[in-house]
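Below, chain A is the first sequence line, B the second, and so on; all start at residue 1.
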There are 2 protein chains.
Amino acid sequence: MGVPTLEEVARAAGVSRATASRVVNGSPTVGIDVRQSVERAIAQLGYVPNRAARSLVTRRNDSVGVVIAEPTGRIFGDPFFLEVLRGISAALGSRQIQLVLVMSQSLDEERRAERYLTGGHVDGVILFSLHGDDPLPAHLQSHGIPVVVGGEPPRGARVSYVDNDNHGGAVAAVRHLIDQGRTQIATITGPWDMPAGVTRLLAYREALRAAGVAHDPDLEEGGGFTREGGRHAMEVLLGRCPDIDGVFAASDLMAAGALSTLHAAGRRVPEDVAVVGFDDSILALSTQPPLSSVRQSMEVMGRELVSVLLQAIDARDPLVRRVVLGTELIVRQSSGGPPTGKS
Amino acid sequence: MGVPTLEEVARAAGVSRATASRVVNGSPTVGIDVRQSVERAIAQLGYVPNRAARSLVTRRNDSVGVVIAEPTGRIFGDPFFLEVLRGISAALGSRQIQLVLVMSQSLDEERRAERYLTGGHVDGVILFSLHGDDPLPAHLQSHGIPVVVGGEPPRGARVSYVDNDNHGGAVAAVRHLIDQGRTQIATITGPWDMPAGVTRLLAYREALRAAGVAHDPDLEEGGGFTREGGRHAMEVLLGRCPDIDGVFAASDLMAAGALSTLHAAGRRVPEDVAVVGFDDSILALSTQPPLSSVRQSMEVMGRELVSVLLQAIDARDPLVRRVVLGTELIVRQSSGGPPTGKS
DNA sequence: CGCCGGTGTGAGAGCGCTCTCTTGACGAGG
DNA sequence: CCTCGTCAAGAGAGCGCTCTCACACCGGCG
């Protein structure tokens with residue numbers, strides 16, 4: 001009848017509730033025989049601790065919030081995010097911590113989410129997809145809630161984060177284009193208020209400079225991290241510099257857009273123009289030709305995010321922790337890789 | 001100092017804790033002036049009810065579990081799922097119910113998930129991506145936990161579900177191919193243990209029969225809902241029936257695979273072979289040419305799932321509820337739509 | 001033989017909330 | 001004037017758990 005309580009377990013094992021609790025929580029000061037009889041009672045009754053009662057007294061929730069504040073919808077078009085969630089889920093699950101997903105799309109929802117998060121219902125928060133000067137991390141921190149950001153945090157924010165090596169990945173991509181003998185290398189950039197986009201652009205410039213190529217603003221155009229933006233940026237670039245022979249797009253989605261423009265303009269890829277994207281998302285395999293791209297392991301990112309967050313929670317310190325994950329350039333046909341680029 | 005409690009609110013407002021509780025929960029038996037002074041105290045102190053304490057006594061959790069049991073990874077390659085989550089999140093958020101995400105990929109994780117869910121930590125469960133004879137829904141129900149399945153449930157299971165009109169969508173797709181004058185229409189099917197795949201296949205057959213076309217098993221090949229499977233299935237089909245001029249793939253991912261085979265085989269799409277997919281996922285726009293597909297609003301599905309689940313929770317009955325959502329055929333270039341298929 | 005520290009177990013308070021039961025106030029009816 | 005019904009507000013128990021403190025027991029030492 002109903003869910004068994006600790007009390008019932010204790011009675012069945014012939015001990016006090018306190019001792020039963022000790023067994024459940026793995027206290028070392030319990031006699032071996034007593035422990036066993038309690039464990040037997042637990043198994044027999046199918047006892048599961050009541051989280052609510054527990055967190056009422058421990059003031060811990062054993063749950064962390066994962067926030068996707070994305071009114072613009074970028075992240076939704078991008079399957080990479082599910083992988084991060086998977087990594088987070090796996091890491092939390094093995095620690096018996098639950099994952100509370102919070103997606104806010106309107107200002108109204110964001111307000112509600114914030115009230116929820118600051119209401120002490122989670123032990124920590126993982127934040128995604130922050131734009132420019134989002135005050136959310138600072139706000140949560142001021143309430144004493146541990147926070148870690150996935151991706152580069154807003155500039156100047158004193159907050160822990162786990163990020164992919166956007167810089168290294170972008171440099172590798174551009175250097176690869178240079179190595180292919182391309183000399184007119186353009187870039188399609190992300191929005192200016194997203195740190196990842198800015199970092200990739202700066203890395204593009206740096207890689208060119210390192211190769212002794214002069215910086216040409218005409219070779220840079222924004223694509224807003226959308227397919228349509230990539231398509232349009234490529235048109236603009238082609239109009240300004242018809243002899244472009246290499247393109248580094250700061251996301252696969254934009255690269256896919258660029259590809260369709262190039263196709264429409266009669267440019268062959270990679271013969272006339274080599275293209276490299278970023279993210280190595282599922283898209284990279286379905287473009288024609290398959291897209292070279294910078295791969296980042298999103299599942300690893302998820303695990304790292306959890307690891308950093310739990311450190312912060314356990315340590316109870318306001319330390320800022322940073323983790324940068326390596327990236328890898330995957331060369332496919334769009335930049336001269338072998339014709340059959342199977343997964 | 002710390003999070004304010006109801007007690008403190010009551011003291012600040014000069015009332016008893018019971019009355020403060022009444023105000024918080026919107027009881028009508030509170031005088032207007034008392035109510036206002038309590039509300040003022042709440043606002044001033046920034047009071048947020050403690051969920052743990054509340055659910056300890058109400059025996060409600062105000063949270064529902066969303067389970068993705070997907071060892072095979074199909075769902076992860078598919079961005080459609082984030083949209084469903086968005087719909088679920090929005091619907092739950094407006095009701096102050098939290099979304100606990102449970103992703104189990106190994107048997108071990110699944111066991112843990114099941115223990116968690118049956119431990120009374122959630123008021124209800126939304127299940128996804130079930131295979132053939134998954135016992136999870138029945139098992140949860142036997143513990144008295146309301147369950148609703150996203151997509152078609154295992155055959156024979158007595159469980160509520162919300163599904164897209166796979167049948168209607170597939171029929172529309174095949175009929176469209178017929179209307180285009182195609183006579184050798186093949187299909188690439190999903191796995192046999194996934195109801196959605198089976199339904200789409202049956203609908204394909206029915207649509208052909210309705211058009212007076214004889215059923216030819218040589219025109220059917222499984223693609224396992226993966227890109228590689230689609231690629232391979234198309235090779236097999238082409239080997240068996242070289243004069244295929246239409247293909248209905250039961251998912252966009254498989255359609256994308258089929259497209260690359262057709263491309264490699266020198267078939268023009270749509271001139272030689274018209275192709276239609278299913279899901280209208282983000283992929284459909286990035287293939288060359290853009291893919292005709294059957295659209296289903298995943299966000300609506302999410303909202304409906306929540307609506308059905310909350311009904312079941314509130315009603316406390318074991319009624320089986322079914323909702324089928326309409327689909328829409330989106331015609332793009334791959335089956336003869338206009339050349340520039342913008343979003 | 002008494003005292004000590006260590007070790008295993010029990011008793012009981014209390015976390016913040018809801019909800020039933022009781023009390024108090026007030027106006028209407030006898 | 002007293003009684004009764006009605007309605008707003010308070011008192012208090014108790015949800016299932018953790019954790020501090022008290023206690024009993026035991027071996028070793030002076």
Is A:Asp62 close to A:Gln98 at the side-chain level, that is, under 4.5 Å between some pair of heavy atoms? no

Atom-pair distance (CZ on B:Arg22; C1' on D:dG10), nearest Å: 8 Å

How bent is the helix from C:dC1-D:dG30 to C:dG30-D:dC1, comparing axes over its five end pairs at each side, to the nearest 10°? 70°

Judged by nearest nucleotide, the residue sitting upstream toward the 5' end of DNA chain C, B:Asn25 or A:Thr19, is A:Thr19

Closest contact, heavy atoms only, A:His121 versus A:Ser63: O-OG, 3.3 Å

Assess whether a salt bridge exists between A:Arg60 and A:Asp314, defined as any Lys/Arg side-chain N lying under 4.0 Å from an Asp/Glu carboxylate O. yes

Please report, rounded to the nearest Å, how far the C1' atom of D:dA9 is from the CG atom of B:Asp33. 12 Å

side-chain hydrogen bond (donor to acceptor under 3.5 Å, both in side chains) against A:His139, all qualifying residues, sequence neighbours excluded: A:Glu114

Students should find that the nucleotides of DNA chain C closing off the region near chain A, any atom under 4.0 angstrom from a heavy atom, are C:dG8 to C:dG16

First encountered from the 5' end of DNA chain D, between B:Val57 and B:Thr29: B:Thr29

Of all the heavy-atom pairs spanning B:Val9 and B:Ala41, show the shortest one and how long it is. O-CB, 3.9 Å

So, taking the atom named CZ in B:Arg17 and the one named CG in B:Leu6, what distance separates them when rounded to the nearest 0.5 Å? 7.5 Å

What distance do B:Arg51 atom CZ and B:Thr58 atom OG1 have between them, rounded to the nearest 0.5 Å? 10.0 Å

Under 4.5 Å between any side-chain heavy atoms of A:Glu304 and A:Leu325, yes or no? yes

Looking for any heavy atom pair under 4.0 Å, which part of the strands does B:Val24 touch: base, sugar-phosphate only, or nothing? nothing

Is B:Val15 touching bases, backbone alone, or none of the nucleic acid, heavy atoms closer than 4.0 Å? sugar-phosphate

5'-most by nearest nucleotide on DNA chain D - B:Arg17 or A:Val48: B:Arg17

